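Take a look at the structure below.
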Amino acid sequence: MTDPEPSRTPPRTPRLGRPPRLNRERIVTAALKRDLRTVTMRDLAEDLGVSHSALYRHVKNRDDLMDLVSETVVERIIPTTEPTAATWRDWLTTLAWRMHDEFLSAPGFAARVAAPHRHAPTPFARLRDSVTRAFRLAGADEEMAEQSWYVFGLGVTQWLGARQAGHEIGPSAPRFDLYLDVLLRGLPTREPEDPEAPSARTPPP
């Protein structure tokens with residue numbers, strides 16, 4: 001009499017792990033792969049493989065999403081070192097090139113920032129404070145440092161926005177390094193001379 005054949009236990013089907021939890025990093029990573037001028041919450045939920053309700057628990061709407069993306073981008077572009085009276089121009093140059101690289105690497109981000117829209121209050125306030133501090137170290141008073149921030153911020157973002165949007169800015173448009181050099185040579189801003197003053201009308205020798 002032979003022993004009965006031992007029963008064979010069917011192999012266990014491996015359990016699939018839980019999908020990665022939805023968090024800030026995943027949302028921003030997915031958003032930065034989309035054109036930020038046209039991305040919708042539906043697009044993003046599909047990319048993340050989650051329901052709309054799950055996504056809305058983290059970001060309330062598209063403006064909230066852009067605030068989250070802007071916060072991440074600003075964190076990446078602000079130099080880790082602080083400007084000084086001796087390094088403020090180099091510090092701003094580094095900042096501008098980081099803006100160049102990060103803004104243009106995110107589809108639609110530079111074009112959106114350059115267009116009139118509601119800006120994320122917290123991250124861009126941090127960027128403004130950092131830039132105005134650099135101009136104060138360069139010798140500008142509080143008002144001129146604030147004016148210089150607007151000139152610098154507008155100048156850089158408009159160049160980047162035009163480049164990303166594919167707008168024609170002329171066959172001989174300046175390279176970014178040349179444009180930035182000229183921009184920074186004129187900063188920080190100063191009060192213009194009174195056009196009625198004799199010195200303003202005297203031609204240079």
Side-chain angles (χ1 to χ4, degrees), residues 24-25 28-29 31-32 35-37 63 66-193 200 204:
R24 172 182 181 242
E25 289 73 22
V28 172
T29 298
L32 288 174
D35 189 327
L36 293 169
R37 292 169 296 182
D63 283 339
M66 295 310 303
D67 287 355
L68 191 61
V69 170
S70 296
E71 183 179 344
T72 298
V73 172
V74 169
E75 285 178 357
R76 293 176 179 176
I77 65 176
I78 295 181
T80 55
T81 58
E82 291 291 326
T84 68
T87 65
W88 68 270
R89 192 183 298 274
D90 290 339
W91 188 91
L92 286 170
T93 300
T94 298
L95 172 65
W97 274 107
R98 289 189 176 204
M99 292 173 68
H100 175 280
D101 296 344
E102 291 292 336
F103 282 28
L104 295 183
S105 68
F109 186 79
R112 187 177 188 280
V113 170
H117 73 287
R118 169 191 169 277
H119 287 281
T122 302
F124 282 100
R126 182 185 171 200
L127 180 60
R128 181 194 64 215
D129 291 346
S130 297
V131 173
T132 54
R133 184 165 60 252
F135 285 125
R136 291 299 301 275
L137 289 166
D141 62 24
E142 186 174 350
E143 180 184 356
M144 285 297 102
E146 189 75 13
Q147 291 293 314
S148 297
W149 145 249
Y150 285 115
V151 173
F152 174 83
L154 184 64
V156 173
T157 56
Q158 288 296 319
W159 192 99
L160 297 176
R163 176 54 53 88
Q164 189 169 68
H167 294 164
E168 284 293 333
I169 50 179
S172 57
R175 304 192 315 258
F176 185 71
D177 57 340
L178 299 179
Y179 178 82
L180 181 61
D181 179 67
V182 173
L183 179 64
L184 288 177
R185 285 178 186 273
L187 293 170
T189 58
R190 295 171 178 80
E191 288 290 352
E193 291 186 17

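A quick note: this is a predicted structure, and the numbers were derived from the prediction, not measured. FYI, side chains are in, hydrogens and waters are out, and symmetry mates aren't considered; it's all heavy atoms of this structure.
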Selection residues 132-151 - residue pairs positive for ring-ring contact (aromatic ring centres under 6.0 Å, His included), sequence neighbours left out: none
Residue pair L137 / P83: nearest heavy atoms and the distance that separates them: CD1-O, 3.2 Å
Point-to-point distance, once rounded to the nearest 0.5 Å, from CH2 of W88 to CG of L95: 13.0 Å
Spacing of OG1 belonging to T157 relative to NE2 belonging to H100, to within rounding of 0.5 Å: 13.5 Å
Minimal non-hydrogen separation, L36 against R112, with atom names: O-CD, 3.8 Å
Polar side-chain atom of W91 near backbone of T81 as donor-acceptor pair, under 3.5 Å: yes
Side-chain (E75) to main-chain (P123) donor-acceptor, under 3.5 angstrom: no
Flag side-chain contact, heavy atom, 4.5 Å: R128 against E146: yes
Least distance between heavy atoms, R98 atom then T80 atom: NH1-N, 4.4 Å
Sub-4.5 Å side-chain heavy-atom contact between D177 and W97: yes
Non-hydrogen atoms of S70 and F109 that approach each other most closely: OG-CE1, 3.8 Å
E102 (side chain) donor-acceptor with I77 (main chain) under 3.5 angstrom: no
Shortest non-hydrogen contact from V156 toward M99: CG1-CE, 3.7 Å
Lys/Arg N to Asp/Glu carboxylate O, R133 vs D129, below 4.0 Å: no
Distance, nearest 0.5 Å, that separates CD of E143 from CD of E191: 6.0 Å
Under 3.5 Å: donor-acceptor pair, side chain of E71, backbone of T122: no
Separation of T72 OG1 from R24 CZ (nearest 0.5 Å): 4.0 Å
Approximate separation, where rounding is to 0.5 Å, of L184 CG and T93 OG1: 5.0 Å
Neighbour count above 12 (heavy atom, 6.0 Å) for E142 CD: no
Flag, side chain of R190 to backbone of P188, donor-acceptor distance under 3.5 Å: yes
Main-chain N/O of D90 paired with T87 side-chain donor or acceptor, under 3.5 Å: no
Within-4.5 Å side-chain heavy-atom neighbours: V113 and F124: yes
Atom of R163, atom of L104 and distance for their closest heavy-atom approach: CG-CD1, 4.5 Å
Student check: side-chain heavy atoms of V28 and V73 closer than 4.5 Å: no
CZ on R89 to CG on D181, rounded to 0.5 Å: 8.0 Å
S148 side-chain N/O to T189 backbone N/O, donor-acceptor pair under 3.5 Å: yes
